[in-house]
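Encoded as structure tokens, the structure appears first; notes follow it.
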Amino acid sequence: MNFIENLKWRGMLHDMMPGTEEQLNKEMTTAYVGIDPTADSLHIGHLVGVMMLKHLQEAGHRPIVLIGGATGMIGDPSGKSLERNLLDEEAIKHNMACIKKQLEKFLDFDSDAPNAAIMVNNYDWMKDFSFLSFIRDIGKHITVNYMMSKDSVKKRIAGEDREGMSFTEFSYQLVQGTDFLHLYQAYDCKLQMGGSDQWGNITTGSELIKRKLGKEAFALTCPLITKADGGKFGKTESGNVWLDPEKTSPYKFYQFWLNCSDTDAEKYIKIFTLLDPERITDLITQHNEAPHLRLLQKELAKELTIRVHSQEDYDAAVEASTLLFGNSTTDNLKHVPFEMLLSVFEGVPQASVSAEILKQGIGIVDFLSETTGFFPSKGEVRRSLKENAISINKQKVDENYTITSNDVIDDKLILAQKGKKNYYLVLIG
RNA sequence: GGGAAGAUACCAGAGCGGUCAAAUGGGGCAGACUGUAAAUCUGUUGGCUAAGCCUACGGUGGUUCGAAUCCACCUCUUCCCA
């Protein structure tokens with residue numbers, strides 16, 4: 001299966017320019033995907049582009065990751081555009097270094113192979129470009145008519161709301177096109193890939209290369225990733241799902257994939273894992289026979305957690321998940337190492353209570369409201385208790401329960417819980 | 001500029017001067033069921049020292065034994081006509 005067939009099978013091919021497949025079959029081809037360095041970590045939305053590059057490299061071609069140090073300052077009008085913050089050089093360098101580390105888990109940058117991945121920053125060549133030389137060397141080759149015909153532009157000036165767009169945003173496609181031109185000249189890069197919303201910007205690049213150099217350069221896009229329920233992919237209530245374990249703990253990362261709906265999981269496992277088609281087809285069949293086992297989700301979560309984080313992080317996440325969601329008891333809880341509990345419950349509300357108070361014992365209502373501040377009012381605690389929603393160390397309790405030293409696990413903590421998913425951690429100190 | 005209607009809890013939206021912490025729907029939270037899903041059913045959704053009390057129906061005053069409800073003024077919103 002070649003690169004294009006592979007993408008097709010995985011549902012990652014939205015559109016490509018005629019001749020793209022021929023070019024890829026002809027020779028080792030260099031292709032790039034652009035990433036905005038807006039943060040010092042990638043999030044899973046970036047992963048689609050990264051996986052395209054991964055498959056590309058697997059197929060023997062050479063991937064380039066272009067960090068949009070310059071373009072990130074402008075703001076792409078495709079889709080909605082908020083004013084971008086201008087990032088200074090230092091911040092971009094820092095972000096680049098962090099992002100590269102994450103990319104290394106997917107792409108091979110260091111080997112001596114001819115198709116080792118390359119990372120570049122368009123700020124390096126854009127920063128010295130003077131406005132005059134830009135409009136003379138680049139602007140001369142593209143007509144405004146051509147630029148106006150792009151969807152991203154048309155929508156803004158002729159669409160329902162007619163927001164209008166600044167000249168800066170209008171120029172965006174030219175700047176991105178300049179990147180393509182530069183990479184073509186510097187690295188013989190003949191293909192640009194991206195999400196389907198990038199089609200217009202990418203083709204401006206090939207157009208520029210054709211007019212200026214008389215050479216052919218190609219475009220390939222993948223569909224935008226969606227969720228079956230129409231929500232935005234990669235977002236949770238708490239925001240983006242990051243690859244950086246500091247921003248999104250491995251446990252939460254694992255949980256994100258595990259919680260995918262069935263239809264999404266089937267789609268995502270093709271896009272985000274390298275499992276071969278036979279294996280995936282097999283998994284899908286099994287999953288349909290016994291959907292409650294959620295094989296797809298588990299496999300998906302496993303593949304990604306191990307790749308992005310590590311085997312140990314994966315093991316810990318699985319263990320934590322069974323602890324939290326399985327029918328675990330107080331005894332199970334006591335066997336888990338303290339450090340691990342802390343990492344599992346990273347991000348849940350915490351409070352510390354002195355051992356003195358517990359020696360005397362304290363009523364559950366006061367404990368959960370006044371003492372720890374987990375609940376804003378006592379009325380709410382009482383209500384939850386009536387609903388049988390409160391557990392201490394995995395054991396349901398009622399209104400008359402008194403917290404004492406006996407409830408402390410490992411001399412260090414008490415685990416309180418409202419319902420199934422809301423945890424509160426009390427540290428003793 | 002002239003006229004009309006309105007402002008109630010997270011949102012929408014009821015509310016004879018006492019029995020209104022305020023109907024109903026949505027949303028939220030929890031329980032059951034389940035696959036850590038969806039759907040469904042049930043409970044709950046101002047605070048407290050809890051059969052009691054306190055604070056709340058745009059703001060400020062007033063009438064009254066008693067006001068979300070009546071009156072005056074103010075602020076804001078919406079609609080209609082110029």
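These numbers come from a predicted model, not from an experiment.
Centroid-to-centroid, the aromatic rings of Y314(A) and H309(A) stay 6.0 Å apart or farther. The aromatic ring centroids of F375(A) and Y424(A) lie less than 6.0 Å from each other.
Geometrically, K412(A) engages F338(A) in a cation-pi contact, judged by NZ or CZ lying under 6.0 Å from the ring centre and within 45° of the ring axis.
Contact annotation for K298(A): no contact, since no heavy-atom pair falls under 4.0 Å across all strands. The residue N422(A) sits close only to the backbone: its heavy atoms come under 4.0 Å of sugar-phosphate atoms, none of a base. Among the protein residues, E380(A) comes within range of no part of the nucleic acid, since none of its heavy atoms lies under 4.0 Å from any strand. Within the 4.0 angstrom heavy-atom criterion, base atoms lie near L258(A). Among the heavy atoms of the strands lying under 4.0 Å from R294(A) is at least one base atom, whether or not backbone atoms are also near.
Pair check for C76(B) finds G6(B); Watson-Crick or G-U wobble, both atom distances under 3.5 Å. In a base pair of the Watson-Crick type (N1 to N3 plus N6-O4 or O6-N4) or a G-U wobble (N1-O2 and O6-N3), with each distance short of 3.5 Å, C48(B) is matched with G52(B). A 3.5 Å limit on both hydrogen-bonding distances identifies no Watson-Crick or G-U partner for U63(B). Pair assignment for C33(B): none, as no Watson-Crick or G-U wobble contacts are both less than 3.5 Å. Across all strands shown, G17(B) has no partner, as no Watson-Crick or G-U wobble contact with both distances under 3.5 Å is found. G1(B) is paired with C81(B) under the Watson-Crick or G-U wobble criterion, all donor-acceptor distances under 3.5 Å. Searching all strands for a Watson-Crick or G-U wobble partner of A23(B) with both distances below 3.5 Å returns nothing.
If you find the closest nucleotide of RNA chain B to L293(A) and to G419(A), the one lying nearer the 5' end belongs to G419(A).
Salt bridge present: K378(A) and D366(A) bring a charged side-chain N and a carboxylate O closer than 4.0 Å.
Computed from coordinates, the I390(A) CD1 to C29(B) P distance equals 15 Å when rounded to whole Å. As rounded to whole Å, 12 Å separates atom P of U49(B) from atom CD of E399(A). Note: CZ (R382(A)) to P (G47(B)) measures 11 Å, nearest angstrom.
For A37(B), the OP1/OP2 oxygens have a side-chain nitrogen or oxygen of K421(A) closer than 4.0 Å. The phosphate of G47(B) (OP1 or OP2) has a side-chain N or O of R383(A) nearer than 4.0 angstrom. An OP1 or OP2 oxygen of G31(B) is reached within less than 4.0 angstrom by a side-chain nitrogen or oxygen of K396(A). One finds a side-chain N or O of S377(A) lying less than 4.0 angstrom from the OP1 or OP2 phosphate oxygen of G47(B). For G35(B), neither phosphate oxygen OP1 nor OP2 lies less than 4.0 angstrom from any side-chain nitrogen or oxygen of N259(A).
K302(A) NZ: 12 or fewer foreign heavy atoms inside a 6.0 Å radius. More than 12 heavy atoms of other residues, nucleotides or ligands sit less than 6.0 Å from atom NZ of K396(A).
Nucleotides U40(B) and G25(B) are separated by 14 Å at their P atoms, to the nearest Å.
The base of U45(B) has none of its N or O atoms less than 3.5 Å from a complementary donor or acceptor on the side chain of K386(A).
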